[in-house]
Novice: 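Pasting a structure below so you can have a look.
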There are 2 protein chains.
Amino acid sequence: MTEPRWLDAQEMRAWRGLIGTNRLLFEQINRELSRRSGLSAADYEVLVQLSETPERRLRMSDLAAQSLSSKSRLSHQVSRLERLGWVRREECPTDRRGAFAALTDEGLAVLEEAAKGHVEDVRRHLFDRLSPEQIHALGEITATLNSYLETVVERD
Amino acid sequence: MTEPRWLDAQEMRAWRGLIGTNRLLFEQINRELSRRSGLSAADYEVLVQLSETPERRLRMSDLAAQSLSSKSRLSHQVSRLERLGWVRREECPTDRRGAFAALTDEGLAVLEEAAKGHVEDVRRHLFDRLSPEQIHALGEITATLNSYLETVVERD
DNA sequence: CCGCAGTAGTTGAATATTCAAGATCTTCGA
DNA sequence: TCGAAGATCTTGAATATTCAACTACTGCGG
């Protein structure tokens with residue numbers, strides 16, 4: 001049980017910075033999203049994933065994976081979205097255990113309405129503050145981390 | 001009501017990347033922290049802030065600000081930590097509305113035990129994956145964003 | 001074709017977070 | 001010095017998330 005390699009100043013700055021951005025940026029963007037459209041960040045993410053599919057529906061598992069959610073959370077969440085009339089559950093003919101979540105016309109309308117303001121918020125709070133080089137670097141850094149993390153994370 | 005400036009490919013990559021890192025990285029690090037030490041990320045953050053103070057205590061408001069928490073959340077959280085014996089509430093002599101949260105010896109011991117493994121997790125999942133240039137860039141980017149965000153975020 | 005291990009999804013209880021008051025106390029201007 | 005406005009912190013209810021079963025089904029080895 002040897003002494004760990006503590007973080008140096010540079011690393012500490014990046015780590016605390018990331019924690020801060022993580023909280024402040026998403027908190028603010030999500031607050032604005034939800035005020036304007038009544039959609040939580042999680043809801044928005046789910047609706048986007050569904051809308052980007054040709055059939056406007058996805059199997060629950062795939063949807064969970066793509067929206068980085070746990071199965072349980074997604075299940076509760078889809079129930080809520082169903083109550084609101086924005087998503088509909090459909091059964092899967094080829095695998096009777098399976099279920100689809102399908103975006104309704106209403107859901108799509110809500111999403112499209114929310115998207116405009118949301119993009120502007122993201123732009124205002126994130127991209128307007130960074131140089132093109134920084135935006136590029138951020139893309140590289142997160143891509144590197146995420147492809148590693150996907151091999152590591154234990155989900156569910 | 002003009003058409004918004006949609007995100008271009010570079011921006012979309014950075015934005016989705018950030019969402020992914022945000023979730024995957026912290027989920028994984030927090031899961032490991034909590035498995036090893038029974039501390040949630042929020043608990044750890046609170047204990048760290050207290051431990052870094054000379055008196056090992058802070059006013060609730062200051063603690064909320066430093067740990068980027070809302071007052072309400074912090075209050076509930078400190079109650080929990082108090083039940084566990086890791087934090088103690090103390091009253092403030094100079095302002096009778098005020099309250100301190102103070103780190104107990106037990107709390108400090110738990111924190112120090114947890115810190116070792118936690119630092120190694122952060123290193124393994126974050127810094128070992130990035131070049132020194134990327135670490136530096138990440139520090140710059142988050143510092144820029146956070147100093148802007150602090151002027152903008154509506155907390156509580 | 002049987003049985004069993006594993007997959008898909010849901011559920012309910014335990015826990016955590018948010019939201020909107022509420023209870024005290026301080027400050028400051030009239 | 002009085003009173004109103006604001007600061008500090010807590011509380012309880014509503015909501016969201018996690019965790020550990022549980023149901024129902026598929027697919028595979030024998």
Side-chain angles (χ1 to χ4, degrees), chain A residues 22-24 26-35 38-46 57-84 87-102 153-156, chain B residues 22-24 26-35 38-46 57-84 87-102 153-156:
Chain A
N22 179 24
R23 299 236 208 143
L24 298 175
F26 289 97
E27 236 175 52
Q28 183 63 20
I29 288 180
N30 296 346
R31 189 187 333 263
E32 292 177 6
L33 175 63
S34 123
R35 249 211 301 265
L39 284 171
S40 72
D43 293 342
Y44 185 87
E45 183 71 17
V46 162
R57 61 181 204 168
L58 278 172
R59 286 289 294 272
M60 293 294 284
S61 303
D62 298 335
L63 184 52
Q66 290 187 38
S67 62
L68 301 179
S69 176
S70 69
K71 284 184 182 188
S72 168
R73 174 161 71 177
L74 181 65
S75 191
H76 286 298
Q77 201 185 340
V78 166
S79 300
R80 187 162 25 82
L81 292 172
E82 211 173 10
R83 249 178 274 128
L84 293 167
V87 164
R88 185 178 46 243
R89 268 183 240 253
E90 294 174 0
E91 47 185 47
C92 175
T94 71
D95 184 342
R96 314 231 332 252
R97 293 166 302 184
F100 287 96
V153 166
E154 323 137 30
R155 186 169 290 291
D156 281 2
Chain B
N22 178 25
R23 299 237 208 141
L24 297 176
F26 288 97
E27 236 175 54
Q28 183 63 21
I29 287 180
N30 296 347
R31 188 188 333 261
E32 291 177 7
L33 174 64
S34 124
R35 248 212 301 265
L39 285 170
S40 73
D43 294 342
Y44 185 87
E45 183 72 17
V46 162
R57 59 179 206 168
L58 279 171
R59 286 289 293 273
M60 292 295 282
S61 303
D62 298 335
L63 184 52
Q66 289 187 38
S67 59
L68 302 178
S69 176
S70 70
K71 284 185 179 185
S72 169
R73 174 161 71 177
L74 182 66
S75 192
H76 286 297
Q77 199 184 342
V78 166
S79 300
R80 187 162 25 83
L81 291 172
E82 211 172 12
R83 250 178 274 127
L84 292 167
V87 164
R88 185 176 46 243
R89 266 183 240 253
E90 294 173 0
E91 48 185 45
C92 175
T94 70
D95 184 340
R96 313 233 331 257
R97 293 165 303 181
F100 286 98
V153 166
E154 322 137 29
R155 186 169 291 291
D156 281 2

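These numbers come from the heavy atoms of this one structure, side chains and all, not from hydrogens, waters or symmetry mates. Note on naming: letters A, B, ... go to the chains in the order of the sequence lines (proteins, then strands), and numbering restarts at 1 for each one.
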Novice: Out of C:dA8, C:dT10, D:dT8, which nucleotide sits closest to the side chain of B:D95?
Specialist: D:dT8
Novice: Could you give the CG-to-C1' distance, from B:L74 to D:dT8, as a whole number of Å?
Specialist: 12 Å
Novice: Rounded to whole Å, how long is the line connecting atom CE of A:M60 with atom P of C:dT7?
Specialist: 18 Å
Novice: On DNA chain C, nearest-nucleotide positions of A:F100 versus B:R97: which is more 5'?
Specialist: A:F100
Novice: Hey, are the side chains of A:R57 and A:E90 touching, using non-hydrogen atoms and a 4.5 Å cut-off?
Specialist: yes
Novice: Using a 4.0 Å heavy-atom cut-off, write out nucleotides 11-20 of chain C from 5' to 3' as B (base contacted by protein), S (sugar-phosphate only) or - (no contact).
Specialist: BB---SSBB-
Novice: What's the CZ-P distance between A:R96 and D:dG27, to the nearest Å?
Specialist: 13 Å
Novice: In whole Å, what is the span from the CD atom of A:E90 to the P atom of C:dT10?
Specialist: 13 Å
Novice: Given 3.5 Å as the limit, does a donor-acceptor pair link the side chain of A:D43 with the main chain of A:L39, or not?
Specialist: no
Novice: Would you say the side chain of B:E45 lies within less than 4.5 Å of the side chain of B:Q66, judging by non-hydrogen atoms?
Specialist: no
Novice: Is there a donor-acceptor pair closer than 3.5 Å between any side-chain N or O of A:R23 and the backbone N or O of B:S67?
Specialist: yes
Novice: Would you check if A:V153 and B:R31 make a side-chain contact, meaning some heavy-atom pair closer than 4.5 Å?
Specialist: yes
Novice: Please report the distance, rounded to the nearest Å, between CZ in A:R59 and P in D:dT26.
Specialist: 11 Å
Novice: Expressed in angstrom and rounded to an integer, what is the separation of B:E91 atom CD from C:dT24 atom P?
Specialist: 15 Å
Novice: I'd like to check A:L58 versus A:F100 (side-chain heavy atoms, cut-off strictly below 4.5 Å). Are they in contact?
Specialist: no
